[in-house]
Asker: 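After the structure tokens below, expect a handful of questions from me.
Just follow the structure's listing: the first ligand is 1, and inside any ligand the first atom is 1. Because only heavy atoms are used, hydrogens play no part in the values below, and waters and symmetry mates are left out as well, while side chains stay in.
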Amino acid sequence: MTTDFLLAWMHHLCFLGMAAALAMQWALLSPSRPLPLAALGRTDACYGSLAGLILAIGAARVAWGPKGMDFYLDNPIFWAKIGVFLAVGAVSAFPTINYLRWRQQARHTPDFHPAATDIVKVRTAIKIQAAGWAALPILAAAMARGLGHS
Ligand code: HEM
């Protein structure tokens, strides 16, 4: 019971932390002022670490949760949740690659500023991730209540 409680609590903390990190990236990515590249890199690293952590905690909840593994593994809504999670993860690679590229360019050209079109593309990737984020708690709540079991 205590393990389940602690895992559930940490799952929610990771979820909130990731949402905050995504919102922070959005706020930092303004095309109209110099980009704080170091802060963007740190925020993205934080986002990625929390994604790894929520995956590990989620897997632990599947393995050790009181409902038993089959409750989740036999439910298509669980797999839809995993699919959305992986899709959001794949989209999140796009901002990461750009932040790394921009930081590398800024090392060679101190007054470097990314093209406005590139910033817009990264902001679009963040919007797509936010849409996935909106779907995840819905799928989670449905899955937790056994919807999807025939
Ligand atoms: C960013 C990604 C994720 C978000 C936003 C998220 C969100 C949530 C939320 C809000 C709940 C509570 C549902 C409720 O009790 O109504 C939950 C429960 C749960 N999540 Fe996640 N989750 C994520 C990733 C994962 C992953 C990757 C896994 C599995 C590998 C996972 C496995 C679980 C399990 C097993 C529960 C417990 C459901 C129950 O009480 O029966 N989650 N999740």
Asker: Would a 4.5 Å heavy-atom cut-off, applied to side chains only, mark V122 and Y99 as touching?
Answerer: yes

Asker: Using only atom types and a distance under 3.5 Å, with no angle test, would you say the side chain of N75 pairs donor to acceptor with the backbone of L147?
Answerer: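 Side chain of N75 to backbone of L147, a donor-acceptor pair under 3.5 Å: yes, one is there.
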
Asker: Taking only heavy atoms of L136, which atoms of ligand 1 are found under 4.0 Å from at least one of them?
Answerer: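 Answer for ligand 1: 1 (C), 2 (C), 5 (C).
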
Asker: Under a single-linkage definition using a 4.5 Å side-chain heavy-atom cutoff for Ile, Leu, Val, Met, Phe, Trp and Tyr, are V91 and M18 assigned to the same hydrophobic cluster?
Answerer: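 Different hydrophobic clusters.
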
Asker: Could you find the nearest protein heavy atom to atom 15 (O) of ligand 1 and give me its residue, atom name and distance?
Answerer: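 So the nearest neighbour among protein heavy atoms is A144 CB, 3.7 Å.
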
Asker: Is it true that a side-chain atom of R123 and a backbone atom of W26 form a donor plus acceptor pair closer than 3.5 Å?
Answerer: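 Between the backbone of W26 and the side chain of R123 there is a qualifying donor-acceptor contact (under 3.5 Å).
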
Asker: With a cut-off of 4.0 Å, which atoms of ligand 1 are near a heavy atom of F15?
Answerer: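 Near F15, the atoms of ligand 1 are 5 (C).
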
Asker: Considering Q129, K81, R61 one by one, which has a heavy atom nearer to atom 33 (C) of ligand 1 than any of the others?
Answerer: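 It is K81 that holds the nearest heavy atom.
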
Asker: Counting both backbone and side chain atoms, is some N or O of W133 under 3.5 Å from an N or O of ligand 1?
Answerer: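 Not met; the criterion fails.
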
Asker: In terms of hydrophobic clusters joined by side-chain contacts under 4.5 Å, are L16 and L139 together?
Answerer: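 No, L16 and L139 fall in different hydrophobic clusters.
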
Asker: Applying a strict under-4.5 Å side-chain criterion to I, L, V, M, F, W and Y, I'd like to know whether L100 and I126 cluster together.
Answerer: no

Asker: So between G65, G58, A141, whose heavy atom ends up nearest atom 32 (C) of ligand 1?
Answerer: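 That would be G58.
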
Asker: For atom 3 (C) of ligand 1, what is the closest protein heavy atom, and at what distance to 0.1 Å?
Answerer: I54 CD1, 3.6 Å

Asker: When you compare the side chain of V62 with that of F78, does any pair of heavy atoms fall below 4.5 Å?
Answerer: yes

Asker: Which bit of V88 is near ligand 1, meaning a heavy atom under 4.0 Å away: side chain, backbone, both or neither?
Answerer: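 V88 to ligand 1: no contact under 4.0 Å from either part.
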
Asker: Quick one: look up the protein heavy atom nearest atom 2 (C) of ligand 1 and list residue, atom name and how far away it is.
Answerer: F85 CD1, 3.4 Å

Asker: Test your reading of the model: is there a side-chain donor-acceptor pair from H149 to the backbone of F71, 3.5 Å cut-off?
Answerer: yes

Asker: Closest N/O/S atom of H11 to atom 21 (Fe) of ligand 1, by atom name?
Answerer: NE2

Asker: Mark up the atoms of ligand 1 that fall under 4.0 Å of a heavy atom belonging to K67, in ascending order.
Answerer: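 The list of qualifying atoms is 39 (C), 40 (O), 41 (O).
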
Asker: I'd like to know if I57 contacts ligand 1, where contact means a heavy-atom distance under 4.0 Å to any ligand atom.
Answerer: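 Heavy atoms of I57 never come under 4.0 Å of ligand 1.
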
Asker: Which ligand 1 atoms are under 4.0 Å away from a heavy-atom of R145?
Answerer: 14 (C), 16 (O)

Asker: Please state which protein non-hydrogen atom is closest to atom 27 (C) of ligand 1 and give its distance, to 0.1 Å?
Answerer: L55 CD1, 3.6 Å

Asker: From atom 13 (C) of ligand 1, work out which of A140, A56, A142 has a heavy atom at the shortest distance.
Answerer: A140

Asker: Give a yes or no on whether the backbone of L40 and the side-chain of D44 come within a donor-acceptor separation of less than 3.5 Å.
Answerer: no

Asker: With a 4.5 Å cut-off on side-chain heavy atoms, are Q25 and L28 touching?
Answerer: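 No, every pair of side-chain atoms sits at 4.5 Å or beyond.
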
Asker: Checking a contact table here: which protein heavy atom is nearest atom 38 (C) of ligand 1, and how many Å away?
Answerer: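 In this structure, atom 38 (C) of ligand 1 has Y72 OH, 3.5 Å as its nearest protein heavy atom.
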
Asker: Which ligand 1 atoms are under 4.0 Å away from a heavy-atom of M143?
Answerer: 19 (C), 20 (N), 33 (C), 34 (C), 36 (C), 38 (C)

Asker: List every atom of ligand 1 that sits less than 4.0 Å from any heavy atom of V62, numbering the atoms from 1 in the order shown and giving each element.
Answerer: 35 (C)

Asker: Counting from 1, what ligand 1 atoms have a heavy atom of I82 closer than 4.0 Å?
Answerer: 27 (C), 29 (C), 30 (C)

Asker: Do F15 and P137 touch side chain to side chain, with heavy atoms closer than 4.5 Å?
Answerer: yes

Asker: Parallel, tilted or perpendicular: which one describes the rings of W9 and F5, with boundaries at 30° and 60°?
Answerer: parallel

